[in-house]
Every structure is written in C-alpha cells, then in structure tokens.
Amino acid sequence: LQTSIYCSDISSRNIRNTRANIREAGLEGDIRSSVADFLNTGSKDTEYTIIMNPPYGERMDVTDIERLYSGVGERLKHGFPGSTVWLLSSNNEAIKKIGLKPSEKYILFNGKLEVKLLKYELYKGSKKNRD
C-alpha cells in the first residue's frame, strides 16, 4: 500500500519552513508541498484523507473568518467527494459555517486553548442516493 502525503498552505513562508522540516526529517521523497489556496483546490477523481488546521482567529488576523470557513465547507463538499476530513479549530461560530455535520467530535487542547477535532465523511452524489 502506497500512501502519498501532500501538504499546502497559502503562505509561502509556511511552506519554506515546512520544506526545511521535511528535509531535516529526511522525507523529501515522501512528502510533497506547495503554496496553494485551499479554496482553489480539489479533485473529484481521488478520495483523500484531509487534515486541516484553518486559522481560528486567535493568533492570525483573518478579515472574515466565518466567510473563510464557509468557503472551506463549499470546497470540501464540491471538490473532494468520497474523502474523509479531520478539521481542528477552536472557533465554534466559524465551525458552524462549514455547513457539514461531523461524524465524530473530540475536545483537545492546543496549549490552554480548547479546540475541537471534527471528522467529516464526504459522500459522492446526493445524500438521498447514499442512504
């Protein structure tokens, strides 16, 4: 079984740091990385396991965090059918904007900050056809 690991971030600085960590770990051949805006990605032909840690609005200034989370939900629904998503966030209001119902929920701590780890199972086609 071969598994590909791919990571992206909208920040070129974050990707430079990621690449340095990948080199330091000796994993250049195993992990690919690129600068990309998640809202412009997707593949309807491949099922993925996606692990996301979008901004919470705590450390990073995000102009409209609820709009960002709404866009993430739309991209997940329409760009990654059949995939499984794990999303980590502490912003409960923004999480509601994802517009998907998590199949699993866990409470964790990122330092002193309480965060939720949510699992979303994306389906192909309409939910009516799935049930």
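Note that the structure is predicted; figures quoted are calculated from it, not measured.
With contacts defined as side-chain heavy-atom distances shorter than 4.5 Å, the pair S4/Y6 does not qualify. Two residues are said to be in side-chain contact when any heavy atoms from C-beta on lie closer than 4.5 Å; L122 and L100 meet this criterion. Side-chain contact between L39 and V72 is present, with at least one heavy-atom pair separated by less than 4.5 Å.
Across all their heavy atoms, Y69 and P54 have their closest contact at OH-CG, 3.5 Å. Nearest heavy atom pair, residue S11 against residue D9, reads N-OD1, 2.8 Å. Between S43 and P81, the shortest heavy-atom distance links the atoms O-CD, 4.4 Å. For the pair P55 and L68, the tightest heavy-atom approach, listed with the atom from each and the gap, is CD-CD2, 3.9 Å.
I10 contributes atom CD1, which lies 4.0 Å from atom CG of D37 (distance to the nearest 0.5 angstrom). Atom-to-atom distance recorded for N53:CG and L88:CG is 5.0 Å, nearest 0.5 angstrom. Distance check: E66 CD to I98 CD1 gives 11.0 Å after rounding to the nearest 0.5 Å. The OG1 atom of T18 sits 9.5 Å away from atom CD1 of I31, with the distance rounded to the nearest 0.5 Å. In this structure, CG on L76 lies 5.5 Å from CD1 on I50, to the nearest 0.5 angstrom. With rounding to the nearest 0.5 angstrom, the CD1 atom of I51 is 11.0 Å from the SG atom of C7.
Sequence neighbours left out, the pairs with a member in residues 19-30 that pass side-chain hydrogen bond (donor to acceptor under 3.5 Å, both in side chains) are R19-S33.
Residues passing the ring-ring contact (aromatic ring centres under 6.0 Å, His included) test with F38 are F80, sequence neighbours excluded.
Taking a 6.0 Å sphere around NZ of K77, one finds it holds more than 12 heavy atoms contributed by other residues, nucleotides or ligands.
R75 places a side-chain N or O within donor-acceptor distance of the main-chain N or O of T41, the cut-off being under 3.5 Å.
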Per-pair distances, 0.1 Å, donor-acceptor, side chain in residues 103-116, under 3.5 Å, sequence neighbours excluded:
from : atom 1 : to   : atom 2 : distance (Å)
S103 : OG     : K119 : O      : 3.3
S103 : OG     : E121 : OE2    : 2.9
E104 : OE1    : Y106 : OH     : 2.4
E104 : OE2    : K119 : NZ     : 3.4
K116 : NZ     : N92  : OD1    : 3.2

